[in-house]
A.B. asks: 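There's a structure below that I have some questions on.
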Amino acid sequence: MSHISTGVTGHPLKVYNSLGRKLEAFTPIDPKVVRVYSCGPTVYNYAHIGNLRAYIFTDTLRRVLQWKGYDVVHVINITDVGHLTSDADEGDDKMELAASKAKQTIWEVAAHYTDAFKADLNHLNIQDPTLWAKATDHIQEMIAFASTLEENGVTYGLDSGLYLDTTKVADYGRLALMDHEGMMEGARVTSVEGKRNPTDFAIWRTSEEAGKRQMEWQSPWGAGAPGWHLECSVMSIKYLGRKFDIHTGGVDHRQVHHCNEIAQNQGYRGDEDSGVNYWMHNEFLVSGQDKMSKSKGGFLRLQTLVDAGFHPLVYRYFALTADYRSTLDFSWDALKAAQTGYGRLLMRVARHKEAGQWPTKWSGLLDDIRYSRGSSYTFIMGQLLDGVSETAQGWLDRLDEALSNDLNMPMVLAALSELVQQEGLEPDEMLRVLALYDLVVGLGLLSMTAEELTLRPAEAGLSDDDVNGLLQERTQARKDRDFARADAIRDQLQEAGVVIKDGPEGTAWSWK
RNA sequence: GGCCGGGUGGCGAAGUGGUCUAACGCUGAGGUCUGCAAAACCUUUACACGUGGGUUCGAAUCCCACCCCGGCCUCCA
């Protein structure tokens, strides 16, 4: 049995590397600091809950790294450059399209959706990255990067722009386990004229007609805009170095975007290395049989869940019930089940809080964790771990074992569920263990209450005052033993989506 | 057409060679409480590993075939 102390704990961390498709022991380049780059959103629309799942995954990754005692430098990019909806230089630019629809400038659109995205992450208790990297802030660096690619002889020019020749880099497509022969370019979209290989892609897109687009820059290849894949290579190398530890993204990126990014990295540096030690990809949130997708329309936003009465953290809990590498099947019933389970968990924690003593200094420290990086994380862990019993260590070992196994959060939740129901721990020690679990799961175990999980639905017919008024009336009716009247009110409230909870100290209620 | 992945009780979802007569949560059932309920708590149910072969002392876990389903090869987490 391993002894847990601050810093790297007992079980060696293993992560699943998409490059090679196998579980590997995690070893950082720098023994103290881990550098992580996560592909962020294109800000032409709101994020849907499937998009958000990806960041719950990166947040989990980050918390686990911090749990293991590392400082984490985490970069997320914001793609605010318009990219064509079609690879064939036809169709509209997504950003431009969104702007003309909203009758705003493209910059306003980008700012609006960037803010909305960050707010969503905040509501989900996702730690801010060390740095947000905005594509439009790096155009000149992209041009310089593209020039280097050109100098290194891995590109060729066409009327439509500058392209990367994927046969000029080593082993193109290995991340995707790509089968070059069997590919059907043009199966879904017409190909670009003049491309030498089906997998070649644009580094720079030249505008057909200069000055037509809102976002356009001069370049050695004519006025235009950078290719979509360019920004990630440029910004990750700029902020994390030519070789860094972890790159994350959705599984869809594993096939094209990241293969292209690798090709760019290789072409830029003139070697065969992908530039990243661990490529990690999260699976999709699905609904019924289909993946959730913006282009299909009718997607669910976090706000949609809130309007339906679900606290954002219910979605976080729901996301943690599945492995990040498995598809997760969303349904309202499943979300409701998560809300119920999460609520009961919090109620059990609340009982432990009543029984135990919780030094107030820790509440403040735990709060700080959200806004700071690894070092204070280590500090807090040291405080909480100081002198815990062997029983407590056993529970922490279980946590450590689960998260060390490629971030097995369902296992962590299972342990947590058993933990709060067991009686072998002193109350204050129980709280410390719970606080340590919460450093990883980020569910506000010690700060949230079950009542907060159900919100007033947007379409609720009654106001809180209405409800309170009716409850008062009901209480009086019960006192008068006018049960017919009392039950009528109860039925009415139930109809309106209100759950009544009678207790020894009076009547509480919540939205359903 | 090619490549990748998946099919576990009513639902979500772990588990990838023996501790699986399969974790955990939700649901269902009974009970406590209650004027009756609800909520909460306690107890409990369901003999679930897509199908057919094979390997092995032993398979949900490995191999083969088949049947379904999804993703990717346009932008997408």
Side-chain angles (χ1 to χ4, degrees), chain A residues 18 21 38-42 44-45 47-58 79 83-88 90-91 93-94 173 176-191 198-199 228 248-257 281-286 288-296 317-318 320-331 333-345 347-348 351 402 408-418 450 478 481 483 486-487 490-491 493-494 498-504 507-510:
Chain A
S18 295
R21 306 280 167 109
S38 298
C39 277
T42 303
Y44 72 101
N45 202 338
H48 64 243
I49 57 175
N51 298 131
L52 262 14
R53 186 187 180 197
Y55 304 100
I56 292 173
F57 153 62
T58 59
T79 301
H83 295 293
L84 300 176
T85 50
S86 147
D87 200 32
E90 62 189 12
D93 178 304
K94 278 181 183 171
L177 302 180
M178 195 176 283
D179 174 71
H180 299 268
E181 258 68 271
M183 293 208 349
M184 287 179 70
E185 191 197 21
R188 293 166 70 195
V189 72
T190 47
S191 57
T199 49
W228 176 53
T248 73
V251 271
D252 51 340
H253 287 336
R254 196 175 63 191
Q255 297 308 310
V256 179
H257 177 52
H281 296 94
N282 63 278
E283 254 296 350
F284 283 129
L285 180 76
V286 300
Q289 303 294 6
D290 304 313
K291 76 162 182 170
M292 202 163 280
S293 149
K294 281 182 194 169
S295 45
K296 284 178 189 165
Y317 179 93
F318 174 68
L320 294 179
T321 62
D323 193 278
Y324 78 91
R325 282 195 288 130
S326 302
T327 52
L328 172 58
D329 201 349
F330 177 86
S331 68
D333 282 348
L335 190 69
K336 187 71 205 170
Q339 188 181 46
T340 306
Y342 183 18
R344 284 184 189 152
L345 178 68
M347 280 186 262
R348 285 174 170 143
R351 258 169 253 135
N408 192 328
M409 288 301 120
M411 206 75 108
V412 171
L413 289 189
L416 187 56
S417 172
E418 288 175 40
R478 291 179 72 206
R481 303 195 67 77
F483 295 125
D487 291 353
R490 183 171 69 197
D491 290 347
L493 286 170
Q494 212 154 39
V498 172
V499 183
I500 293 176
K501 298 160 185 178
D502 290 325
T507 301
W509 65 276
S510 70

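Sequence lines set the chain letters: A, B, ... in the order given, protein chains first and strands last, and positions in each chain run from 1.
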A.B. asks: Any N or O donor-acceptor pair under 3.5 Å from the base of B:A37 to the side chain of A:Asp502?
C.D. replies: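 Per atom types, the contact qualifies.
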
A.B. asks: With distance as the sole criterion, do the side chain of A:Asp487 and the base of B:G35 form a donor-acceptor contact below 3.5 Å?
C.D. replies: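 Looking at the base of B:G35, it does pair with a donor or acceptor on the side chain of A:Asp487 (distance under 3.5 Å).
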
A.B. asks: Whether A:Arg344 contacts B:A40 is assessed here as follows: a side-chain N or O lying under 4.0 Å from the phosphate OP1 or OP2. Is that the case?
C.D. replies: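 Answer yes for this pair, as a side-chain N or O of A:Arg344 is under 4.0 Å from OP1 or OP2.
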
A.B. asks: Rounding to a whole Å, what distance do you find between A:Glu283:CD and B:G6:C1'?
C.D. replies: 9 Å

A.B. asks: Quick one: label A:Ser38 by what it contacts on the DNA or RNA (base, sugar-phosphate, nothing), any heavy atom closer than 4.0 Å.
C.D. replies: nothing

A.B. asks: Got a donor-acceptor pair under 3.5 Å from the side chain of A:Arg490 to the base of B:A37?
C.D. replies: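 Yes.
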
A.B. asks: With a cut-off of less than 4.0 Å, is there a side-chain N or O of A:Arg325 near OP1 or OP2 of B:C4?
C.D. replies: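 A:Arg325 to B:C4 OP1/OP2: no side-chain N or O under 4.0 Å.
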
A.B. asks: Just call it for A:His253: base, sugar-phosphate, or nothing, with non-hydrogen atoms closer than 4.0 Å on any strand.
C.D. replies: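 Contact class for A:His253: sugar-phosphate only.
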
A.B. asks: Where is the tightest heavy-atom contact between A:Ser18 and A:His281, given as atom of each residue plus distance?
C.D. replies: OG-ND1, 2.7 Å

A.B. asks: Whole angstrom is fine here: how far is it from OH in A:Tyr342 over to C1' in B:U27?
C.D. replies: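 Rounded to whole Å, this separation is 21 Å.
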
A.B. asks: Could you work out the separation of B:C4 and B:A14 based on their P atoms and round it to a whole Å?
C.D. replies: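 The same atom, P, in both gives a distance of 22 Å.
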
A.B. asks: Give the ring-plane orientation class for A:Tyr342 versus A:Tyr317, where under 30° counts as parallel, over 60° as perpendicular and anything between as tilted.
C.D. replies: parallel

A.B. asks: Any strand is fair game: report the nucleotide pairing with B:C24 by Watson-Crick or G-U wobble, both distances under 3.5 Å, or none.
C.D. replies: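 For B:C24, the partner nucleotide comes out as B:G12, under the 3.5 Å rule.
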
A.B. asks: Are OP1 or OP2 of B:G6 and a side-chain N or O of A:Ser326 less than 4.0 angstrom apart?
C.D. replies: no

A.B. asks: In terms of side-chain heavy atoms of A:Ala54, which of B:C41, B:A77, B:G35 is nearest?
C.D. replies: B:A77

A.B. asks: Measuring only the P atom in each nucleotide, how far is B:U61 from B:G15? A whole number of Å is fine.
C.D. replies: 15 Å

A.B. asks: If I compare all heavy atoms of A:Arg21 with all of A:Arg254, which pair ends up nearest, and what's the gap?
C.D. replies: NH2-NE, 3.1 Å

A.B. asks: Of the nucleotides B:A77, B:A14, B:C36, which has the atom closest to the A:Asn282 side chain?
C.D. replies: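 It is B:A77.
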
A.B. asks: Remember a base hit wins even if backbone is also touched, and classify A:Leu328 as base, sugar-phosphate or nothing at under 4.0 Å, heavy atoms.
C.D. replies: sugar-phosphate

A.B. asks: Determine the Euclidean distance between corresponding C1' atoms of B:G28 and B:A46; express it in Å to zero decimal places.
C.D. replies: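 About 9 Å, rounded to a whole number of Å.
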
A.B. asks: For the P atoms, the ones on B:G25 and on B:U34, what distance do you get once it is rounded to whole angstrom?
C.D. replies: 28 Å

A.B. asks: For B:G15 and A:Asn408 - does any side-chain N or O of the residue sit under 4.0 Å from the phosphate oxygens OP1/OP2?
C.D. replies: yes

A.B. asks: If I pick the C1' atom on B:C20 and the same atom on B:U27, what distance separates them, to the nearest angstrom?
C.D. replies: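 B:U27 and B:C20 have their C1' atoms separated by 23 Å.
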
A.B. asks: Heavy-atom distance under 4.5 Å between the side chains of A:Phe57 and A:Ser38, does that happen here?
C.D. replies: no

A.B. asks: Among the nucleotides B:G12, B:C26, B:C3, which one has an atom lying closest to any side-chain atom of A:Ala337?
C.D. replies: B:C26

A.B. asks: Would you mind reporting whether A:Leu493 and A:Arg490 have side-chain heavy atoms less than 4.5 Å apart?
C.D. replies: no

A.B. asks: Give none if B:G5 has no partner; otherwise give the nucleotide forming a Watson-Crick or G-U wobble pair with it, both distances under 3.5 Å.
C.D. replies: B:C69

A.B. asks: Please give the distance between the P atoms of B:U44 and B:C36 as a whole number of Å.
C.D. replies: 26 Å

A.B. asks: Just compare B:A23, B:C4, B:C73 and give me whichever is closest to any side-chain atom of A:Ala414.
C.D. replies: B:A23

A.B. asks: Could you give the distance separating B:A29 and B:A37 at their P atoms, to the nearest angstrom?
C.D. replies: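 My reading of the P atoms in B:A37 and B:A29 gives 14 Å.
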
A.B. asks: Name the nucleic acid region contacted by A:Ser510, choosing base, sugar-phosphate or nothing; use a 4.0 angstrom heavy-atom cut-off, strictly under.
C.D. replies: nothing

A.B. asks: Give the intermediate values and the outcome of side-chain contact (heavy atoms from CB on, under 4.5 Å) for residues A:Asn282 and A:Thr248.
C.D. replies: CA-CA 8 Å; A:Asn282 63 278; A:Thr248 73; 6.0 Å; no

A.B. asks: Which of the following nucleotides, B:G12, B:A14, B:A77, is nearest to the side chain of A:Pro410?
C.D. replies: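 Among the listed nucleotides, the one closest to the side chain of A:Pro410 is B:A14.
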
A.B. asks: When you match A:Arg53 and A:Phe483 each to their closest nucleotide on RNA chain B, which lands nearer the 5' end?
C.D. replies: A:Phe483

A.B. asks: Between A:Arg481 and A:Lys501, who's closer to the 5' end of RNA chain B by nearest nucleotide?
C.D. replies: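 Here A:Arg481 is the residue nearer the 5' end.
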
A.B. asks: Under 4.0 Å between any heavy atoms, over every strand shown, what does A:Ile500 touch: base, sugar-phosphate, or nothing? Just pick one.
C.D. replies: base

A.B. asks: Less than 4.0 angstrom between a side-chain N/O of A:Ser417 and OP1 or OP2 of B:G25, yes or no?
C.D. replies: yes

A.B. asks: C1' atom, B:A38 versus B:C24: distance in rounded Å?
C.D. replies: 26 Å

A.B. asks: When all nucleic acid strands are considered with a 4.0 Å heavy-atom cut-off, which category describes A:Tyr55: base, sugar-phosphate, or nothing?
C.D. replies: sugar-phosphate

A.B. asks: In whole Å, I'd like the distance from the CE atom of A:Met178 to the P atom of B:C72.
C.D. replies: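 In whole Å, B:C72 P lies 14 Å from A:Met178 CE.
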
A.B. asks: Which nucleotide, in any strand shown, forms a Watson-Crick or G-U wobble pair with B:A29, with both distances under 3.5 Å?
C.D. replies: B:U43

A.B. asks: Closer than 4.0 Å, any side-chain N/O of A:Arg348 to the OP1 or OP2 of B:C41?
C.D. replies: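 A:Arg348 to B:C41 OP1/OP2: side-chain N or O found under 4.0 Å.
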
A.B. asks: Classify the nucleic acid contact of A:Gln494 as base, sugar-phosphate or nothing, counting any heavy atom under 4.0 Å across all strands shown.
C.D. replies: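 A:Gln494: no heavy atom of the nucleic acid under 4.0 Å.
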
A.B. asks: Measure from the side-chain heavy atoms of A:Arg351 and tell me the nearest of B:A14, B:C41, B:C26.
C.D. replies: B:C41

A.B. asks: Could you report the tightest heavy-atom contact between A:Met347 and A:Ala450, atom names first, then the distance?
C.D. replies: CG-CB, 3.7 Å

A.B. asks: Using a 4.0 Å heavy-atom cut-off, does A:Arg254 contact any base of the nucleic acid, only the sugar-phosphate backbone, or nothing at all?
C.D. replies: sugar-phosphate

A.B. asks: Short question: side chain of A:Arg481, backbone of A:Arg478 - any donor-acceptor pair under 3.5 Å?
C.D. replies: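 Looks like no, no N/O pair under 3.5 Å.
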
